[in-house]
Amino acid sequence: MAQLDAAETAGPGLGRLWTDERARGLLFQILVVLGLALFVAFIVSNTIANLQRAGLASGFGFLTDQAFFDINQKLIEYSSTSTFGRALIVGILNTILVSVMGVIAATLFGFSAGIIRLSPNWLLSRLVGAYVEITRNIPVLLQIIFWWSVLTGLPKVRDSLGLGDVMFLNNRGIRLPAPLLESGFEWVFAAFVIGVIATVLTSRWARKRQSLTGQTFPVGSIGLALIIGLPIIVYWIAGSPVGWDIPTPKRFNFQGGFNVTPELVALWFALSSYTGAFISEIVRAGILSVSKGQTEAASALGLRPRQTMRLVIIPQAMRVIIPPLTSQYLNLTKNSSLAIAIGYQDLVSIGGTILNQSGQALEVVGIWMVIYLSLSLLMSSFMNWYNKHIALVER
Amino acid sequence: MTVQPFHRSQADLLPERAAPAATVGIVGWLRQNLFSSWANTAFSLISLYLLWLIIPTVISWAFIDANLAGDDRFACNGAGACWAWLDQRINQFLYGFYPSDQTWRVDIALVLLVPALAPLLFDGVPYARYLRWFSLAYPVIATFLLIGGFGLEGVSTHKFGGFMLNVTVGLAGIVLSLPIGIVLALGRRSRLPIIRMLSIGFIELVRGVPLITLLFVSNIILPIFLPPDVTFDALVRVIIMVSAFSSAYMAEVIRGGLQAIPRGQYEAAQALGLRYWQSMGLIILPQALKISIPGIVNTFIGLFKDTTLVIIIGLFDILGIGNAMVSNPDWLGLATEAYVFVALFFFITCFSMSRYSLHLEKRLDTEERR
Amino acid sequence: MRKLPYLVISAVFSIAAWGTVHAGTLDDVKAAGQVKCGINTGLPGFAYTDDSGKWTGFDVAYCRAVAAAVFGDPSKVKYVNLTGKNRFPALSSGEVDVLSRNTTWTFSRDVDLGFSFIGVSYYDGQGFIGRKSLGIKSAKELDGASVCIQTGTTTELNLADFFRVNKIKYEPVPIETNEEARKAYVAERCDVYTTDASGLAATKTTFADANAHMVFPEIISKEPLGPLVRQGDDQWADIARWTLNVLINAEEYGVTQANVSSKANGTDNPEINRMLGSEGSLGAMLGLSKTWAVDVLKAGGNYAEIFERYLGNNTPLGLERGLNALYKDGGILYAPPMR
């Protein structure tokens with residue numbers, strides 16, 4: 001109706017651009033695109049002029065230049081003669097490492113804290129509540145620095161706390177024996193994969209059986225036996241094909257083994273407790289959102305409190321918990337960039353060093369954006385898939 | 001013969017006895033809440049023990065054995081906390097490097113913040129309609145108070161520091177991100193495909209990267225994007241970036257508020273013949289903003305905590321001043337006291353704001369439910 | 001924010017105008033009314049705050065000298081604290097006009113990054129500091145040690161080279177600022193700390209038991225520290241360069257903060273007269289006032305006085321002049337003549 005009226009009452013041609021809603025929308029979009037194009041052109045010509053004046057080349061060729069600096073916590077081989085590109089990859093892996101560790105710890109901590117806060121024990125719930133409030137209201141940067149100071153206060157290298165002479169704890173990190181994989185190890189790994197697949201198949205079969213006959217099957221224990229027991233058996237049969245590189249104390253430090261630096265641990269603690277506090281609030285809200293009738297019906301059916309929580313409450317609460325949980329995971333990944341404050345060499349820290357040594361600011365910042373966006377995208381797509389997976393199919 | 005109705009009168013009832021002593025009063029409360037089962041008893045005892053270990057130690061360190069006066073760290077005897085630097089450095093913590101004879105301007109700006117925010121955050125404020133105009137003018141007034149002009153001496157933004165810097169960056173970021181966030185939220189719900197794509201693209205891009213990379217962009221990349229020899233003030237660049245960052249989150253909050261408004265409102269506005277911007281401005285946005293205020297306050301709390309990141313690009317906020325103080329030879333080794341002080345500041349402000357936001361959410365909840 | 005209208009207009013007109021002419025730094029500085037000087041975020045002796053919050057130190061004194069040369073008033077400086085990471089972007093973007101932040105003059109910074117070093121204000125070298133209780137006498141015995149190192153600096157690269165060439169290994173402990181390094185070293189998070197020898201001396205003053213620590217004999221690199229400006233503006237570079245040369249020449253000719261006013265009226269040394277303006281027109285050639293050098297020397301004195309005040313034997317740092325003495329006194333400080 002509106003369009004007809006506009007066509008009748010408006011003048012010919014150009015007048016319709018103003019009164020016809022569709023045409024107006026189109027005109028508006030064209031203007032926005034034009035404006036944006038002008039703006040981008042302005043920025044690009046400025047950039048070219050500035051780079052020319054500073055005499056800097058652009059392009060990603062600098063990634064093949066040698067870095068000449070060292071990195072202390074690395075998951076892959078790297079030396080000071082490796083390239084900038086390899087240094088960036090080490091940084092990306094470090095970011096992913098601390099993010100994954102943080103997500104796991106924060107989830108465990110958050111779920112436990114959330115459930116404890118709902119406990120009838122007044123003291124316990126108030127204490128955990130106080131911890132959650134304190135952690136939520138102090139900036140995460142301050143918490144990272146706090147944990148780093150605490151860990152640097154551990155005993156010095158000469159007075160390391162030893163665990164059976166294979167593990168050592170001091171203020172330079174946790175020294176663990178490193179596994180050296182020998183020739184028979186592929187069988188153990190294959191056994192592990194077979195165990196995982198077998199567990200998945202077993203759980204599917206058990207679920208089908210339960211929906212048909214109502215009998216439960218101890219999938220948890222069988223799965224554990226398969227995933228852990230099978231590789232162990234193969235390990236023994238194959239003659240223990242794993243050597244251990246035990247850290248030995250030398251003049252300054254321990255040689256051998258694998259070192260987990262206090263920077264990584266401090267960052268991990270701070271991120272886990274900070275994000276865990278937020279997750280505990282989300283979990284608490286999720287559990288409270290399940291109507292009380294469910295709990296009462298479950299007790300009427302004779303389920304014990306622990307079973308009620310596991311089989312009735314949590315699955316329903318998860319629908320409410322998952323979306324805000326996703327954004328907390330993303331926040332944790334982004335907060336891991338604060339590693340630069342205590343010297344954990346993650347992507348931002350190494351990128352900053354490269355930026356300084358090579359002067360290629362635009363390229364480095366571009367790489368940052370692309371990597372973090374990809375990580376965020378990956379994480380949110382996975383959580384979206386999981387969300388759909390556990391969504392209740394309603395009639 | 002009539003059937004006697006089956007009833008009891010008060011006189012026929014046995015007298016009530018008092019409840020068992022173990023179920024009422026404080027003993028009853030303890031049994032129910034703390035010691036109701038073996039597991040609970042164990043947890044309660046462990047918690048009480050932990051509290052008994054921690055609280056007296058903290059109180060004696062922070063208050064009883066603490067030193068309050070002195071010129072440098074050697075005046076403290078080391079048994080408790082050393083607060084001797086407080087009276088000398090408190091101005092730096094609060095105002096940064098602001099000239100000490102002009103700090104009254106910062107105080108006035110802070111005091112004026114109360115009437116500026118009151119009509120927006122609380123109901124029943126007297127003269128709210130007139131105060132709202134003041135709220136609109138407040139950013140301009142505060143800018144002039146802090147930077148100078150109109151007869152006030154000019155103070156370069158490089159002298160801003162300490163807690164004042166956190167508050168300035170946080171508030172400026174939120175105030176600027178509100179209109180941008182509204183535009184982005186409306187753009188995301190728009191039917192025009194290009195507008196929608198641009199809004200979604202901007203929001204996802206900004207939400208997907210850490211604030212620290214955006215601060216590096218403001219510090220290093222923004223100058224490359226501007227014509228040579230045009231420089232923005234460093235603080236202005238930071239505020240621009242922080243506003244862009246928070247506007248993406250603000251857009252999501254406002255989008256939630258817009259979604260909560262029943263479709264009937266949109267349709268009624270159309271039926272009344274209001275155009276898009278009229279219906280938005282008169283009907284939809286006032287309601288959406290009111291619903292979103294808890295979300296906006298939460299975004300502000302998050303932004304306020306993130307303002308500590310400016311130390312990574314060399315600005316001296318309250319954490320930076322703490323760091324600088326500890327590297328002065330007079331006050332070496334007092335990092336714990338400095339960080340505890342800074343943490344206390346943040347805790348008090350953020351906790352009060354989050355309590356307010358909770359209270360507001362409860363109130364809005366009861367209003368919506370009839 | 002004053003420049004915002006300029007920004008809008010230049011969006012329309014600016015495409016052809018770039019690359020050809022741009023306003024010189026001296027004009028910008030005079031228009032702004034102050035020199036924007038990049039300094040450290042905190043390094044004892046070179047850039048630190050006193051209790052009233054004012055920045056002071058060896059590098060800061062150079063900033064004041066430049067401001068005195070341009071404006072006659074050494075307080076017309078805006079100090080911009082820069083970390084190791086953002087010092088170069090700040091200079092190339094125009095956020096600072098001159099960088100006086102204990103920066104080493106190297107090939108890549110001069111050629112690749114597009115800067116001009118205007119001289120050396122402090123000849124330094126990279127060394128190591130460690131506890132005497134480690135029981136070693138030379139840095140070559142540091143195989144397997146943990147070393148605190150500031151990222152993004154030449155020291156980081158030199159450290160890697162030193163250990164690679166000597167075929168020994170180390171564990172780097174990367175830190176961002178001098179203060180963090182100090183904390184980590186004191187907590188024994190690292191066995192040694194490496195930076196320029198002047199930085200080592202500065203850090204050593206902050207220790208409670210300075211004698212328990214020793215600076216190892218190896219100086220593993222040349223670290224000529226000096227101020228730098230952007231490439232492409234020769235007039236401003238000349239002003240910066242000759243301000244430094246005035247400080248050095250004044251020490252050579254015996255002009256001090258105390259006697260500069262009387263010597264400005266005229267002496268029987270034509271070198272001094274040309275420098276202080278009673279003969280010739282050196283100031284006008286630079287675009288500055290006739291008394292530019294007098295103002296520079298009134299601001300903080302000559303090189304020797306500045307050195308003594310912030311780094312010398314009466315300060316906690318207690319650095320010897322060493323290489324930084326005049327060529328006549330056994331060092332290598334030599335400024336070209338003012339003619």
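The analysis underlying the following values was restricted to heavy atoms, covering all of them including side chains, and did not include hydrogens, waters or symmetry mates. Since the model is a prediction, treat every value here as computed from it, not as a measurement. Chain A is the first sequence line, chain B the second, and so forth, proteins listed ahead of strands; every chain is numbered from 1.
If you take CD on C/Glu156 and CD on A/Gln357, they are separated by 6.0 Å, rounding to the nearest 0.5 Å. The distance from atom CZ of C/Arg189 to atom CG of A/Leu151, rounded to the nearest 0.5 Å, is 10.0 Å. Residue A/Lys156 holds its NZ atom at 11.5 Å from CG of C/Asp191, rounded to the nearest 0.5 Å. The line from CD of C/Glu180 to CD1 of A/Ile342 is 9.0 Å long, rounded to the nearest 0.5 Å.
The interface of residues 62-87 of chain A with chain C, defined by heavy-atom distances below 4.5 Å, comprises A/Ala67, A/Phe68, A/Phe69, A/Asp70, A/Ile71, A/Asn72, A/Ser80, A/Thr81. At a heavy-atom cut-off of under 4.5 Å, chain C is reached by no residue from residues 265-273 of chain A.
Other residues, nucleotides and ligands contribute over 12 non-hydrogen atoms within 6.0 Å of the NZ atom of C/Lys132. For NZ of C/Lys137, the number of neighbouring non-hydrogen atoms (other residues, nucleotides, ligands) closer than 6.0 Å is 12 at most.
Within the 4.5 angstrom heavy-atom criterion, no atom of A/Asn170 approaches chain C. In this structure, chain A has no heavy atom under 4.5 Å from any part of C/Ser108. The part of A/Ser358 that comes within reach of chain C is its backbone (N, CA, C, O), which places non-hydrogen atoms under 4.5 angstrom from that chain. Only the backbone of A/Ala341 comes within less than 4.5 Å of a heavy atom of chain C; no side-chain atom from C-beta onward does. C/Asp161 touches chain A through its side chain: at least one heavy atom from C-beta onward sits under 4.5 Å away, while N, CA, C and O do not.
A 4.5 Å side-chain heavy-atom check between C/Leu134 and A/Phe252 finds at least one atom pair inside the cut-off.
Your options are C/Tyr170, C/Phe88, C/Phe115, and the one with the most heavy-atom pairs under 4.5 Å with chain A is C/Tyr170. Contacts with chain C were tallied for A/Pro262, A/Gly153, A/Gly173; A/Pro262 has the most, counting heavy-atom pairs under 4.5 Å. Between chain A and the residues C/Val173, C/Leu142, C/Thr154, C/Thr151, the most heavy-atom pairs under 4.5 angstrom are made by C/Leu142.
Counting only distance, with no hydrogens or angles, the side chain of A/Arg172 and the backbone of C/Glu188 share a donor-acceptor pair below 3.5 Å. The backbone N or O of C/Glu171 lies less than 3.5 Å from no partner atom in the side chain of A/Asn253, so there is not a single donor-acceptor pair.
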